[in-house]
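Protein chains get the first letters and strands the later ones, always in sequence-line order, with residue 1 at the start of each. A quick note: this is a predicted structure, and the numbers were derived from the prediction, not measured.
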There are 2 protein chains.
Amino acid sequence: MAARDAAREDRREGIIDVARACFLAEGYGATSMSTIAARLGGSKGTLYNYFRSKEELFEAVVRCSCVQLRMRLEAHPEAGDVRKRLEGVAEAFLRHLISPEALGIQRLVIGEGERFPELARLFYEAGPRIGLAHMAEMISGLMDQGVLRKADPTVAASQFRDLALSGVHYLRLWRVIEDPSPEEIAARVGAAVDTFLRAYGPEQP
Amino acid sequence: MAARDAAREDRREGIIDVARACFLAEGYGATSMSTIAARLGGSKGTLYNYFRSKEELFEAVVRCSCVQLRMRLEAHPEAGDVRKRLEGVAEAFLRHLISPEALGIQRLVIGEGERFPELARLFYEAGPRIGLAHMAEMISGLMDQGVLRKADPTVAASQFRDLALSGVHYLRLWRVIEDPSPEEIAARVGAAVDTFLRAYGPEQP
DNA sequence: GTCTATAAATGGATAGAC
DNA sequence: GTCTATCCATTTATAGAC
């Protein structure tokens, strides 16, 4: 019985993968169940065997992406001096945020948020909020070490995230720039860390 | 003849207004020409008399919003000390960015950017880019006055915008928070200005 | 469980009366 | 110019053979 269930689960995940690719490529409204079935190599009947409606399939796609996102945001480096650590975490987050898949999901959730309001919240909790919490934790540690001045770590983390990620991320979300080169990312992050350390570096009386 | 043309222009704008309301409320894909015609109080035949297709109507809606946006971003205050001026311009921009209409247009353009890539660029040029240029101009002036240290005004403006606007704007885009109160906006902007002045205040050797 | 075929509804777009 | 009525393609969703 367990083998049968596992096979069914595999098939279900396969459908979700194909559906996600379609939704990312064309958006929710422009993707039809027929298209998904065709690209799956199956039929619509099969889709409706696993999901009661297009909406339910879309929800499954987003929920699945939430899980993957949460796993990816767990790891973050712990070595080096203040500057290296700030740069490291900022680059890691930025690289993830502007990856094509992540951008696609964000556009989907932002664009279809009126129809699926609970999904937007769910996704935010699984993504941006986790990332922010990790940054706050790291910054709090740096404050305890005395390499950053004492301040509200949540505010500092939010400001650091905005400084380091928002500019590039925003431009990518709008499709105003192409995928930035590693040099561009490094320059942007470096400028953000400069400014952040000027504002939050240890006081020198 | 001119009167006839003016009447036709009025009717056209009326259609655009109704269509915008529909697109903002339900998105591009979920809005049908029948719905627009019904809410207009007219018929589909009339719509197609003014616009050759749904896509053309959508483009007209976004272009019209671009013009209105550009006009709104022209005014910015010129009085007070550094802190007051930074706070003033940040609050004005933030208030505009998170207004329901502006948010709606942004979500539309981000969400439908794959289908209408030129509109996303057009809208960015008319909105975010103009705002950033104004900020850079103001900050450049403050640097010349000596109340901010000398630095690249474009980088500084970008960082100030990210610090002051991104956090709240992002949360609103995701529908994670409700419309923030004036006190919340003031607090957020105040914290951003604090950090910005620590990083860009005049050097005290 | 998966397919083919099809139902039932709705979409964008057009023709023709007035 | 505006309406009613309609065309035709496509959509979601289902029924029934295998």
Discussion item. Can you confirm if the NZ or CZ of Arg12(A) lies within 45° of the ring axis of Tyr50(A) and under 6.0 Å from the centre of its six-membered ring?
Written reply: no
Practice prompt. Please state how far atom OH in Tyr48(A) lies from atom C1' in dC3(C), giving the value in whole angstrom units.
Written response: 16 Å
Discussion item. Classify the ring geometry of Tyr124(B) against Trp174(A): parallel below 30°, tilted from 30° to 60°, perpendicular beyond 60°.
Written reply: tilted
Worksheet, complete the sentence: When rounded to whole Å, the CZ to C1' distance for the pair Arg52(A) and dT14(D) reads 15 Å
Item to complete: Tell me what Ser34(A) touches on the nucleic acid: a base, only sugar-phosphate, or nothing, going by heavy atoms under 4.0 Å.
Response: base
Discussion item. Base, sugar-phosphate or nothing for Thr31(A)? Non-hydrogen atoms, less than 4.0 Å.
Written reply: sugar-phosphate
Response to the item:
Between CZ of Arg11(A) and C1' of dC3(C) the distance, given in whole Å, is 11 Å
Practice prompt. Would you indicate what Tyr50(B) reaches in the nucleic acid, counting non-hydrogen atoms under 4.0 angstrom: base, sugar-phosphate, or nothing?
Written response: sugar-phosphate
Worksheet item: In whole Å, what is the span from the CZ atom of Arg12(A) to the C1' atom of dG1(C)?
Response: 16 Å
Item to complete: Indicate yes or no: at least one non-hydrogen side-chain atom of Tyr200(A) is less than 4.5 angstrom from one of Arg198(B).
Response: no
Response to the item:
Of dT12(D), dG1(C), dT2(D), the nucleotide closest to the side chain of Asn49(A) is dG1(C)
Discussion item. For a quick check of understanding: with a heavy-atom distance under 4.0 Å over all strands, which category does Ser32(B) fall into, base, sugar-phosphate or nothing?
Written reply: sugar-phosphate
Worksheet item: Looking at dC3(D), dA13(D), dT14(C), which one has an atom nearest to any side-chain atom of Ser53(A)?
Response: dA13(D)
Discussion item. Do Lys54(B) and Tyr48(B) form a cation-pi contact, if we require the NZ or CZ to be under 6.0 Å from the six-membered ring centre and within 45 degrees of the ring's axis?
Written reply: no
Worksheet item: For the base of dG11(C), is there a side-chain donor-acceptor partner from Lys54(B) under 3.5 Å away?
Response: no
Worksheet item: When you measure from the centre of the six-membered ring of Phe58(A), is the NZ or CZ of Arg115(A) under 6.0 Å away and within 45° of the axis?
Response: no
Item to complete: Could you state the atom-to-atom distance from CG of Asp10(A) to P of dG1(C) in whole Å?
Response: 13 Å
Discussion item. Can you measure Glu55(B) atom CD to dG11(C) atom P for me and round it to whole angstrom units?
Written reply: 17 Å
Worksheet item: Can you check the Ile36(B) CD1 to dT10(C) P distance for me, whole Å?
Response: 17 Å
Practice prompt. Quickly work out the Lys44(B) NZ to dG1(D) P distance and round it to whole Å.
Written response: 21 Å
Worksheet, complete the sentence: Whichever of Arg8(B) and Ser43(B) has the more 5' nearest nucleotide on DNA chain D, that residue is Arg8(B)
